[in-house]
**Student:** 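Once you've had a glance at the structure underneath, I'll fire off some questions.
All chains are named by letter (A, B, ...) in the order of the sequence lines, taking the proteins before the strands, and each is independently numbered beginning at 1.
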Number of protein chains: 2
Amino acid sequence: MAAETPTELELLILKVLWEQSPLTAAEIRETLAQRGRSLAHTSVITMLQRMVVKRQVEQLDPVEGKAFRFSPLVGDKQVTQGMLGDFVDRVFDGSAEAVILSLFDVAELNAEELSNLRKLLNKKLREVKP
Amino acid sequence: MAAETPTELELLILKVLWEQSPLTAAEIRETLAQRGRSLAHTSVITMLQRMVVKRQVEQLDPVEGKAFRFSPLVGDKQVTQGMLGDFVDRVFDGSAEAVILSLFDVAELNAEELSNLRKLLNKKLREVKP
DNA sequence: GCCACACTTCTACAGGCGTAGAAGTTAGAC
DNA sequence: GTCTAACTTCTACGCCTGTAGAAGTGTGGC
């Protein structure tokens, strides 16, 4: 039991911490503000507190000064893939293929990305086929 | 302004109606139950009522008997693609490529699906390249 | 040794979602 | 015409999420 699906704001905070950690609440708050999400200091702390309870982050003792620092306990890949899996199940009834088809329709992938994908696809095909 | 992202239960109900509509609350309830989501009759109605307010479904007058019937006002593609777009933005910072790569990792696509995708990919490539 | 300030803890609240009971209404049976 | 069973309307409530103020605490400056 681990790695519950984070809420919207939890994910934002995790993203900050995945890029750099540990960070203090104030540092996290500042980064969020730079990204267009301005919150009161206490709001950030409340969230962090809840995330500690949910085991999404851990609270580290201050090295110097008085501010706690926080580190993620869940991994980038782990979380996003979990969320992706949930999403595929909930919205596309578990069909990864349907998702990709839909993405082709909507997303504007450039030539480079497309050939990248083809390369990968070929590799996968070789793996699957004997 | 339309097509808000439906909540989990709203989506379940929409899925039922996309397959067949119009349906009465009782019919919807039954279908949901078959899919493992058993709700009180009034719960279904409450939801439907809220969805009418949100313009996700419309209420049709009874043809015979006394039960209202409901039809979706939003389309399958429209909603799922909207949700997919949101998801890609929120979780993968807008990178459709990252989503597909992640799907390759997680989803067990079989050979047929893979070659289907490759076919599509090639078509896309031809479209993009001069 | 004391003070100011930064930081934390505690508490609260509003809105959305899922859920459903109680009370009211109406259609059809007879 | 009346009754009953089905259906709807009204109301409510608990949980979760996002948000933040007020009050408490401890550190470093001097």
**Student:** Do A:Leu73 and A:Ile45 sit in one hydrophobic cluster, given that two such residues count as connected whenever their side-chain heavy atoms are within less than 4.5 Å of each other, even indirectly?
**Tutor:**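 No, A:Leu73 does not connect to A:Ile45 through the hydrophobic network.
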**Student:** Taking only Lys NZ, Arg NE, NH1 and NH2, and the carboxylate oxygens of Asp or Glu, determine whether A:Glu19 and A:Arg35 approach each other closer than 4.0 Å.
**Tutor:**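 Answer for the salt bridge query: yes.
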**Student:** Could you state the CZ-P distance from A:Phe68 to C:dT8, rounded to the nearest angstrom?
**Tutor:** 7 Å
**Student:** Could you check A:Phe104 against A:Leu109 for side chain to side chain contact (heavy atoms under 4.5 Å, CB included), going step by step and ending with a plain yes or no?
**Tutor:** CA-CA 8 Å; A:Phe104 279 166; A:Leu109 294 163; 3.9 Å; yes
**Student:** Does a side-chain N or O of A:Thr7 approach OP1 or OP2 of D:dG18 to a distance below 4.0 Å, or not?
**Tutor:** yes
**Student:** Look up atom CG in B:Asp61 and atom CZ in B:Phe68, then write down how far apart they are to the nearest 0.5 Å.
**Tutor:** 6.5 Å
**Student:** Does B:Leu117 share a hydrophobic cluster with B:Val106, counting links as ILVMFWY side-chain heavy atoms below 4.5 Å and allowing steps through other members?
**Tutor:**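 B:Leu117 does not cluster with B:Val106.
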**Student:** Send over the distance from B:Gln56 CD to C:dG16 P, rounded to a whole Å.
**Tutor:**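 Nearest whole value for this atom pair: 13 Å.
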**Student:** Parallel, tilted or perpendicular for B:Phe87 and A:Phe87, by the 30°/60° rule?
**Tutor:**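 Answer is parallel, since the angle falls under 30°.
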**Student:** Are any of B:Lys54's side-chain N or O atoms less than 4.0 Å away from OP1 or OP2 of C:dG16?
**Tutor:** no
**Student:** Would you mind reading off the distance between B:Leu60 atom CG and D:dC7 atom C1', rounded to a whole angstrom?
**Tutor:** 16 Å
**Student:** Expressed as a whole number of angstroms, how long is the span from A:Arg29:CZ to C:dT8:C1'?
**Tutor:** 14 Å
**Student:** Would you mind reading off the distance between B:Glu10 atom CD and C:dT19 atom P, rounded to a whole angstrom?
**Tutor:**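 Between P of C:dT19 and CD of B:Glu10: 12 Å.
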**Student:** In whole angstroms, how far is the C1' atom of D:dC7 from the CG atom of B:Asp61?
**Tutor:** 14 Å
**Student:** Figure out the CG/P separation between B:Leu12 and C:dG18, and round it to whole Å.
**Tutor:**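 Computing the B:Leu12:CG to C:dG18:P distance gives 9 Å.
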**Student:** I need the CD1-P distance between B:Ile28 and D:dT8, as an integer number of Å.
**Tutor:**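 Rounded to whole Å, this separation is 10 Å.
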**Student:** Looking at DNA chain C, which of residues 32-52 of chain B put a heavy atom within less than 4.0 Å of it?
**Tutor:** B:Arg37, B:Leu39, B:Ala40, B:Thr42, B:Ser43, B:Thr46, B:Met47, B:Arg50
